[in-house]
Amino acid sequence: MDIECLQELGPEQKAEWDAFLSASPFQHPRQDHRFAQTERVDGADVLFVLGRVDGALAGVGLLSRTPHPFLASRYRDAIFLSGPVCNDAPAMIAFLNAAFAHPEIARIGRVRITPYWLEDDAQALHRLLEDNRFALSSDGIFRDTGLIDITPDPDEIMSRFSKSARREVRRAERAGVSVRPITTRDGALEFLHSLNRLRVSRGLFALAEDSFVQSFDDIYEAGDMGILLGAFSDGAFISGLLMYRSAHTAHGRHFTTETELLHALKNLRISPLLWLEGMIWARSKGCASLDVEGYVETTDKSDKKYNIYKYKSELAPKAVIRIGERSRIANGFLHVTGNGKEVLKAAARRRYRALKGLDDD
């Protein structure tokens, strides 16, 4: 496989990229070239990696590179976000091995991959990656998520919700709550500020405003590849859901609520209505499934994500596995000098686990 590494795509290359991505069974919207500018605004350097066999595209990967802290034009880390994208496992391995032989990749310390491969496909790819020097990350071998079948008509989709979720949809409708796309920057920022308040309250980092606005302009404002849905009561924003989609799968990206305003609506749970509207949008775009982006069937209330899994369970997802993040060192010197603290922490963890294992014996 021949590899091209480009910092920009021309019009013909963008069209070729789009055509390949839309036809691949392992496509993911995060590999759309329109996300490149969002990565740049976030401080990353973008590389478009294209693999060809006899001149025809056989793989694509939008690679987001993090600059090295000391060395110019070098990178400590890079990630194919939900990629790269190839049409089968042998092509994926050929693409990756050829890419790692390219001089551009040699300027990176560590490269991480997160392909969107599920179930049996994930199992098969895991075995091949293991044989090709790709190490596991903190994800483990697989990630847990859930898929919702959105091919039936909306009434049937809702009929699969739990009884309490259906009741909350009807309560929201009786209360006069409306759901509509958010298509202005002011509305997008209102959503972001709500989301960041929620994230900070849960001990998570706030999302950067500049890159969020960039992605809104490039992806979500038009309401085709992605959409930002807002729920409103008497004109006031009370909740929002950010989604994007490939040709056949939509992905729930971010969800937020204004708790105090929902208290005033007799503690209305707005999520079932918003997710239903998101499914209706995705279905109208030809999607067959919605990925809830993280789901485990559990009754363990000590799990820190128990409440999140519980409300997602009311939407009737099917639990599936997705291959976890993998990494491979492209340049050992750049990796050690650029990711030194992380390398030392990982070594300490391995040492601790080894000692603990000896103690257990």
Side-chain angles (χ1 to χ4, degrees), residues 24-31 81-83 85 89 92 113-130 136-169 202 204 241-255 269-283 285-326:
S24 175
F26 303 108
Q27 62 188 273
H28 191 283
R30 202 60 184 75
Q31 280 292 300
L81 291 158
S82 292
V85 178
M92 174 69 78
I113 66 170
T114 55
Y116 190 64
W117 290 51
L118 307 177
E119 299 287 84
D120 291 345
D121 294 317
Q123 298 270 11
L125 184 58
H126 160 63
R127 291 189 288 271
L128 286 176
L129 290 173
E130 201 170 35
L136 298 175
S137 74
S138 58
D139 281 350
I141 297 176
F142 303 110
R143 297 177 179 178
D144 295 299
T145 190
L147 292 182
I148 299 172
D149 178 11
I150 59 172
T151 55
D153 63 57
D155 286 341
E156 186 175 342
I157 292 173
M158 183 175 156
S159 73
R160 298 176 181 179
F161 289 6
S162 70
K163 182 178 179 180
S164 63
R166 297 196 303 271
R167 182 175 64 246
E168 294 300 316
V169 171
R202 293 177 174 175
L204 302 173
L241 175 64
L242 186 73
M243 303 175 65
Y244 51 28
R245 69 173 184 92
S246 65
H248 40 65
T249 305
H251 301 260
R253 192 75 187 95
H254 293 296
F255 175 78
R269 284 196 301 115
I270 192 62
S271 58
L273 176 62
L274 259 180
W275 281 95
L276 177 61
E277 291 295 331
M279 294 175 207
I280 293 170
W281 167 78
R283 183 176 180 274
K285 298 298 179 180
C287 293
S289 301
L290 183 139
D291 189 328
V292 297
E293 293 293 321
Y295 176 67
V296 174
E297 291 179 345
T298 181
T299 57
D300 180 7
K301 294 185 178 180
S302 66
D303 189 317
K304 63 181 180 180
K305 294 184 178 179
Y306 171 77
N307 289 331
I308 295 174
Y309 296 149
K310 184 176 183 298
Y311 96 71
K312 288 181 179 180
S313 73
E314 296 188 324
L315 307 177
K318 174 189 175 185
V320 298
I321 57 170
R322 172 184 174 178
I323 196 161
E325 181 183 286
R326 300 293 191 277

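Heavy atoms only: backbone and side chains are in, while hydrogens, waters and symmetry mates are out.
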May I ask you to decide if Leu136's main-chain N or O and Glu325's side chain share a donor-acceptor pair within less than 3.5 Å? no
Does the side chain of Trp281 reach to within under 4.5 Å of the side chain of Cys287, using non-hydrogen atoms? no
Verify side-chain contact (heavy atoms from CB on, under 4.5 Å) between Val296 and Asp303, making sure each step is shown before the conclusion. CA-CA 10 Å; Val296 174; Asp303 189 317; 5.6 Å; no
Just say parallel, tilted or perpendicular for the rings of His28 and Tyr116, cut-offs at 30° and 60°. perpendicular
Taking every non-hydrogen atom, the tightest pair across Gly294 and Thr145: N-OG1, 3.0 Å
side-chain contact (heavy atoms from CB on, under 4.5 Å) for Arg253 and Glu293? Distances and angles first, verdict last. CA-CA 7 Å; Arg253 192 75 187 95; Glu293 293 293 321; 5.8 Å; no
Indicate the ring-plane relationship of Phe26 and Trp117, choosing parallel, tilted or perpendicular according to the 30° and 60° boundaries. parallel
Any chance you could lay out the side-chain contact (heavy atoms from CB on, under 4.5 Å) test for Ile148 and Lys318, step after step, and finish with the verdict? CA-CA 6 Å; Ile148 299 172; Lys318 174 189 175 185; over 6 Å; no
With a 4.5 Å limit on heavy-atom distance, are the side chains of Leu290 and Leu315 in contact? no
Compare every heavy atom of Ser82 with every heavy atom of Gln31, then report the nearest pair and how far apart it is. CG-O, 3.5 Å
Under-4.0 Å salt bridge between Asp291 and Arg322: no
Parallel under 30°, tilted from 30 to 60°, perpendicular over 60°: which one fits the rings of Tyr311 and Trp275? tilted
Can you tell which of Ile270, Leu242, Ile308, Val292 makes a side-chain contact (heavy atoms from CB on, under 4.5 Å) with Phe255? Ile270
From CA spacing to verdict: side-chain hydrogen bond (donor to acceptor under 3.5 Å, both in side chains), Thr298, Asp300: CA-CA 5 Å; Thr298 181; Asp300 180 7; 5.1 Å; no
Arg326 side chain vs Ile141 backbone, donor-acceptor pair below 3.5 Å: yes
Is a side-chain N or O of Glu168 found less than 3.5 angstrom from the main chain of Arg269, in a donor-acceptor match? yes
Judged by atom type as modelled, is there a donor-acceptor pair below 3.5 Å linking the side chain of Gln27 to the main-chain atoms of Ala247? yes
Of all heavy-atom pairs between Arg143 and Thr114, which one has the smallest distance, and what is that distance? NH2-CG2, 3.6 Å
